[in-house]
Amino acid sequence: MGCYLVTGIAGFIGAAVAEALLERGHEVTGVDNLSTGRRERAPARALLFQADCQDGRLYEGILPRRPYDAILHIAGQSSGEISFDDPVYDLRTNTESTLRLLRFALDVGCRRFLYASSMSVYGTPETPLVTEDAPARPRSFYGVGKLASEHYLRLYEEYGVRSTALRLFNVYGEGQNMDNMRQGMVSIYLAMMARDGRILVRGSPDRFRDFVHIRDVTDAFLACLDHPESAGRVVNIGGSGRVFVRELVDKLRALSPAPVEVEYAQGTPGDVFGIAADRSLAAACLGYAPRVTLDQGLARMYAWHTAGPGKP
Ligand SMILES: NC(=O)c1ccc[n+]([C@@H]2O[C@H](COP(=O)([O-])OP(=O)(O)OC[C@H]3O[C@@H](n4cnc5c(N)ncnc54)[C@H](O)[C@@H]3O)[C@@H](O)[C@H]2O)c1
């Protein structure tokens with residue numbers, strides 16, 4: 001049995017990853033400031049500390065100082081659009097937090113660090129499918145912060161903290177925050193559709209994305225722990241491959257028993273036109289292949305949302 005520290009444990013991805021670790025019989029300690037997360041989302045069997053990961057006091061006697069088998073840093077402000085509201089907050093919450101956690105890892109003798117990075121580091125890609133060695137020119141403060149975090153990981157590699165940054169593409173699925181109307185294309189459209197019978201698309205329907213179900217993201221984090229050869233790398237985690245926004249909208253409309261109107265408006269700051277993951281490296285160093293198709297994932301999420309609030 002191992003012991004793991006998971007940040008963002010009361011959020012969409014952190015809760016799912018923590019649950020998967022617990023299912024494997026591990027012990028999990030969690031940190032969350034409950035800014036977007038909810039206490040009841042965090043697995044009850046995990047020890048939860050309510051705190052900001054960028055707050056130095058957390059590491060001076062509040063968090064248990066154990067040689068964790070790994071730290072999984074998943075906490076963060078997760079919206080490119082929101083990062084334009086207060087870039088300094090974004091830097092602190094997403095990047096200073098990484099630096100402090102890396103230092104903590106070193107201090108307590110933890111030698112494995114996984115990080116929830118993002119496709120946002122690429123900015124506007126030069127090719128429809130991006131590989132990890134494509135130029136990283138983020139177009140949002142959020143993307144800059146994620147890229148800086150990746151560089152901190154690289155520096156700490158030299159001190160022996162072996163890290164893997166997963167560049168997650170558009171994550172969706174059961175358990176996603178359906179009230180945050182500025183993060184998550186699938187969750188936003190689905191929430192609008194269920195609430196108003198109408199989807200407002202901000203930006204062109206010809207844009208495209210790569211949608212990855214939470215189950216596959218959880219598998220990818222666990223695969224990092226099983227594959228030490230993923231240490232020292234940044235790895236794309238995609239799912240559906242290239243899917244146009246209009247295709248996503250059609251798939252969602254098909255799930256609704258009632259008619260759904262679609263309206264279009266201007267795009268949001270920092271949004272990129274089209275991006276999808278080349279998954280070759282994930283396959284090679286993690287044995288990763290997505291298992292949930294977009295149709296399956298959307299159907300599951302729709303069923304979860306229409307059944308009412310609750311854990312997935
Ligand atoms: N959802 C996606 O599509 C996606 C894609 C790429 C990367 N990511 C990254 O994955 C991570 C998790 O995203 P999510 O979709 O689960 O979002 P989420 O908002 O559901 O979860 C984030 C959690 O972190 C907590 N948190 C935020 N800042 C914190 C801080 N400074 N200290 C402690 N707790 C803090 C929140 O309260 C929340 O519980 C984020 O770092 C995000 O940038 C998400």
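Position 1 is the first residue of the sequence, and the numbers go up from there. Both counts, for ligands and for their atoms, begin at 1 and track the order of listing. Being a predicted model, the structure only gives us computed values, none of them experimental.
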Numbered atoms of ligand 1 (with element) below 4.0 Å of [X], judged on heavy atoms:
X	answer
V171	1 (N), 2 (C), 3 (O), 4 (C), 5 (C)
Y142	6 (C), 7 (C), 8 (N), 9 (C), 42 (C), 43 (O)
L34	37 (O)
A51	32 (N), 33 (C)
C53	30 (C), 31 (N), 32 (N), 33 (C)
Q183	1 (N), 2 (C), 3 (O)

Quick check on [X] - does any of its heavy atoms sit under 4.0 Å from an atom of ligand 1?
X	value
S117	yes
Y172	no
A10	yes

Between R182 and D85, does any side-chain N to carboxylate O distance fall below 4.0 Å? yes
Geometry only, no angles: is [X] polar-contacting ligand 1 at N/O separations under 3.5 Å?
X	result
Q176	no
N170	no
T36	yes

Taking the six-membered ring for Trp, are Y122 and F169 parallel (under 30°), tilted (30 to 60°) or perpendicular (over 60°)? tilted
Which label fits F208 and F273: parallel for a plane angle under 30°, tilted from 30 to 60°, or perpendicular past 60°? perpendicular
For atom 31 (N) of ligand 1, which of L166, V217, T93 has the closest heavy atom?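 Comparing heavy atoms across L166, V217, T93, the nearest one to atom 31 (N) of ligand 1 lies in T93.
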Look at atom 22 (C) of ligand 1 and find which of G37, G76, G8, S78 reaches it with the closest heavy atom.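 It is G76 whose heavy atom sits nearest to atom 22 (C) of ligand 1.
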Answer yes or no: does atom CZ of R57 have more than 12 heavy-atom neighbours from other residues, nucleotides or ligands under 6.0 Å?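 Open.
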Cation-pi, F244 ring and R246 (6.0 angstrom, 45 degrees):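 Here R246 passes the 6.0 Å and 45° test against F244.
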